[in-house]
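Inspection log for the structure reproduced underneath, given as C-alpha cells.
By convention in this document, chain letters (A, B, ...) are assigned in the order of the sequence lines, proteins followed by strands, and residues within each chain are numbered from 1. These figures come from a predicted structure and were not determined experimentally.
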Amino acid sequence: MFNKRFTAKAVPLTVVLSTAIMVSSSSFARSNVYADFPITLKDYSGSATTSTSYKGQMARHALESSLKKLISKGDMSAMQSYYSGDDANRAIIAPATKGDFVIMQSTIGELSNKNLSGKTYKGLIPGWPGNMTGPEVAQFMFEKAADSEGGYDAAHAYDYTQLVSKFLMGAVTYNQAVDNYLDEKLEADTKPNNKPYKDGAAYTGKEHVWDEAFGYFGAPSHTLTLSAQNVYDIAKQKDVTVADYNYDGKVDLYKEMAFGHAYYASSFDKGGKTTYLHDIVGAYMDGRDMLVAADGKALTDSQRDQLKDYAQVIKTNWEKVIAEAVFKYAGSTYKDMMKIEAILESGGDVAKEWRNYSKHWGELKGFALALQVAGKDMGATSVKLNRLIGYSPLLLGNTQVTGVDSNGEYVQSDSETWGGYMVHMLKVQNLMVDEFGVVARSNDQTAGLSELVKSLGAKSSAEND
Amino acid sequence: MTDFFANFLNPEKRLFIGYLISAAFIAIIWLRMVQKKPLINIVSGFFDSKIWFSRSAIADYKLMLINQFFVKLLAPILIGQLALTIFIFENMHLFFSRPSESFPVWMVMLIFTTVLLIVDDFSRYLLHRLMHRVPLLWRFHKAHHSATNLTPLTVLRTHPIEAILFSLRAVLVHSLCLGVCFFFFSNNVSLIEIFGSSVFVVLFHAFGSNLRHSHINLGYWNWLEKVFISPAQHQLHHSTNPKHYDCNFGAIFSIWDNIGKSCIVSEKNQQIEFGLKEQSDKSHTLKNLIFGS
C-alpha cells in the first residue's frame with residue numbers, strides 16, 4: 001500500500017487535529033497522491049484492494065525510453081522488438097539503475113507486457129514526407145536509423161534518436177490520452193461507470209479510462225506533493241529522495257518515475273512562469289476524486305460534463321507543453337544555425353555544430369509532429385508549421401528534403417537561404433505564441449525585443465520644427 | 001490635461017521645465033554678455049505680453065490643446081511598432097549574417113545611441129524638407145509657419161496631419177534602428193540615457209533647443225553652424241524674406257542642409273520678420289490653421 005504520508009509528515013499533530021475537527025466527520029482531507037483509489041464497483045468479488053490501475057501505460061513509457069537508447073545502436077531487430085514485439089523479458093534499458101537511484105523493475109513484463117505499435121496514431125502524418133500513417137513513419141524511421149551511423153544521418157542532418165522518441169511520445173502517449181481516453185471514451189455509452197471496464201476487473205469503465213489517460217501523461221503519482229524541480233530531478237535520476245515516496249529504497253517505474261511529457265512540463269514549470277504539470281495532474285486528481293464520489297453509479301450528464309471540463313484542462317495544458325517544446329527547439333536550431341554560419345565564414349569545421357543542429361532540429365520536428373496527432377484539425381496552423389520547418393533541416397547548399405521517392409530514398413530540392421530558414425525558426429516561435437499562447441518560451445530569440453520597443457520605441461508627440 | 005502637463009514635466013519633451021529654465025539662462029548670458037543688453041530689459045522681454053498674448057501665440061496654445069486629442073489617435077501606430085521592428089529584424093537575416101559573438105555593452109550602447117541620433121535627425125530633416133517642397137504637404141506645414149511670434153510653445157503649433165506624419169516617421173526610425181541593432185547586438189541594445197532619454201537629445205534640449213522658437217537671435221560661429229543648427233538659423237527658416245525660403249530644415253545637425261544645399265548661416269543682428277508673406281490676422285484662426293484659407 002502506498003503510504004499517504006504527505007499531510008502528516010510536515011504538519012504538527014495539533015494542526016492535524018484542529019483541521020480534523022473543522023471538517024465534518026463524513027469527509028476526508030483530499031489525498032494529494034494519484035494512487036489507491038477505493039473500489040466502487042458494486043458487485044466486485046475479487047481480491048484487489050484498489051481500483052487504480054495503469055501499469056500498461058507506464059510499460060509503454062519504459063518501452064519508449066528504452067527504444068530511444070536502441071536507435072543509437074542501429075539494431076533493427078531490437079527496435080522492432082520494443083516497438084511491436086511481445087517478449088515479456090525485454091529488458092528496461094532506460095531508465096536503469098544509476099548510483100543510489102535504484103529502479104525496481106528490470107523487465108517490461110514486470111510492469112505489463114505491452115508494445116507500442118498497436119497504440120500508434122493511425123492517421124496521416126502530414127509533417128513527414130511520403131504520405132504515411134503513424135506506424136509507417138515509425139517503421140520508416142527505424143529502417144533509416146538502422147542504415148545510418150548510430151542513428152545519425154549527417155548528410156540529411158537527421159537525428160533519428162530524437163525524431164523517433166519525440167514523435168512516438170506524441171503518436172502513442174499523447175494521442176492515446178487526448179484522442180481516445182479523454183475523448184470518445186468519456187461518452188455515456190462508452191465504458192460506463194456502473195459496469196466493470198472488462199469482466200472481472202476491479203475498476204469501473206470510467207475509472208479505468210481516467211487512470212489510463214493519467215498513466216499516459218507520465219507523471220509520478222505523488223506529483224502534487226512535489227515541486228516541478230523535484231519532478232525534473234526524478235526524470236533526470238538526480239534525486240532518489242524525492243522519487244522514493246514509500247521509502248522502500250527503490251524507484252517504482254509504475255508510480256514513482258517521471259516520463260514523457262510530464263518531464264517536459266516540469267522542465268518548463270521549474271522556470272516559474274508556468275504551472276502545466278500541477279494543473280494537469282490536479283485536473284486528473286479532481287476527475288478521479290469525482291469518480292470515487294460517483295460510487296460505482298452511472299455518471300449523470302452533469303457529472304460527465306464536469307469530467308469533460310477536467311479533460312479539457314488536461315488537453316489544453318498538455319498541448320501547450322508540446323508547443324513550448326516546439327518553441328524551445330526552434331530557438332535552439334536558430335542558435336545552431338548562427339554558430340554554423342559564423343564557423344563557415346571563418347573557414348572552420350562545423351562537424352560538432354552540425355551534430356547539435358541535427359539533434360535540435362530532430363527534437364523540433366519530433367515535437368512538431370507530436371503536436372499534430374491530437375486527432376483535431378489544426379487547420380492553417382498545421383500547414384504553416386510544416387511549411388516553416390520543412391521535411392528536413394536546411395542543408396548546406398540551401399537544399400531541403402522535399403519528398404521520398406518510390407525506393408524510400410530522400411529527394412532534395414533547392415530551398416530557402418540560410419538566413420531565410422533562420423527566419424522560419426523565428427516564425428515557428430511566433431506561431432507557438434500566437435496559436436498556443438506559450439509562456440515559458442525557452443530560447444526565445446526575440447526575447448527582449450518587445451521590452452526594447454516599449455522602453456526605447458517612439459512615443460507619440462506633436463513636436464515639430 | 002495630464003498629457004498637457006506632461007509636456008512640461010517629462011524630460012523626453014522639449015518643453016520640459018528644466019529645458020525651459022536652461023534656455024532662459026543661456027538667453028540671459030547671451031543677451032547680457034554678447035549683446036550687452038541691460039538685465040532689466042532682458043527679463044522684461046521674457047515676459048513681454050505683446051508676444052505671449054499675441055494672436056499668433058494664442059493660436060499656438062489652441063492648436064497645442066487640440067493636438068493633445070489627436071496624439072491619442074496615434075496609439076495604434078505605436079502598437080504597430082513591435083510588428084514593424086520584428087519585420088525589420090527578420091528581414092535582416094536575408095541580407096546579413098547574424099554575429100554569434102557578443103560586443104562590449106558600452107560599445108553597443110554607444111553605437112545604438114549614435115545611430116539613433118543620426119538616423120532620427122536625418123529623417124526629421126528629410127520629412128521637414130518634403131513638408132516644404134511637396135505642395136500638398138506644405139498645405140499642412142504652413143500652419144506652423146504662419147506663426148508671426150515665436151515662443152517655445154510654437155514647437156507644438158502643428159497641423160494634426162503633420163503630427164501624424166512625424167509620429168509615423170518616429171515609429172519607422174525607431175523600428176529600423178531597433179530591428180537592425182537587435183540583429184547585430186541582441187539583448188545588449190540600450191540607450192545611453194539621462195532622465196530616461198537619450199543623452200544626445202537631453203544635451204540638445206539642455207543647450208537651448210527652446211530658443212529656436214524665440215526672438216533671441218543666438219547664433220554660433222559660422223563654421224559651427226555648418227555642423228549644428230543654431231537657434232538663429234532656425235529663425236531664418238521662419239523668415240518671410242524670400243531669400244530665406246526653404247533653408248535650414250535640420251533639427252540638430254546642419255550637415256544634411258549642407259549636403260542638400262539649403263544651409264544658410266546666421267548673421268549678427270539679423271532682422272527677421274516671422275510668418276508667411278502677405279498673411280492676414282485670419283491666418284491665426286483655428287479654422288484657417290486646420291482647414292486652410
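Contacts with chain A (heavy atom to heavy atom, under 4.5 Å) involve these residues of residues 113-133 of chain B, listed by number: B/H128. Of residues 438-450 of chain A, those residues lying under 4.5 Å from chain B by any heavy-atom pair are A/Q445, A/T446, A/A447, A/G448, A/L449, A/S450.
Few gaps surround OH on B/Y245; more than 12 heavy atoms of other groups in view lie less than 6.0 Å from it. Surrounding CZ of B/F70 are at most 12 heavy atoms belonging to other residues, nucleotides or ligands under 6.0 Å away. Residue A/E149 qualifies as open at atom CD: its count of foreign heavy atoms under 6.0 Å is 12 or below.
To the nearest 0.5 Å, atom CZ of residue B/R98 and atom OH of residue A/Y334 are 3.5 Å apart. Taking OG of B/S190 as the reference point, atom CG of A/L452 lies at 8.0 Å (rounded to 0.5 Å). The distance from the NE2 atom of B/H93 to the CE atom of A/M422 is 4.5 Å, given to the nearest 0.5 Å. Rounding to the nearest 0.5 angstrom, the gap separating the CD1 atom in A/I340 from the OG atom in B/S97 is 13.0 Å.
Heavy-atom distances place the backbone of B/P99, and not its side chain, under 4.5 Å from chain A. Contacts of B/R14 with chain A are made by both backbone and side-chain atoms, with heavy-atom separations under 4.5 Å. Residue contact with chain A, scored on non-hydrogen atoms closer than 4.5 Å, is absent for B/H159. Contacts between B/E162 and chain A at a heavy-atom distance below 4.5 Å involve the side chain alone, from C-beta outward.
Sorted by first and then second residue, the pairs that involve residues 419-430 of chain A and meet salt bridge (charged side-chain N to carboxylate O under 4.0 Å, His left out), not counting sequence neighbours, are A/K427-B/E90. Contacts classified as salt bridge (charged side-chain N to carboxylate O under 4.0 Å, His left out) and involving residues 357-366 of chain A (residues at least two apart or in different chains) are given here: A/K166-A/E363, A/K359-A/E363.
With chain A as partner, the option from B/F95, B/F96, B/F89 having the largest number of non-hydrogen pairs under 4.5 angstrom is B/F89.
Annotation for A/T417 and B/L94: closest pair OG1-CD2, 4.3 Å, computed over non-hydrogen atoms.
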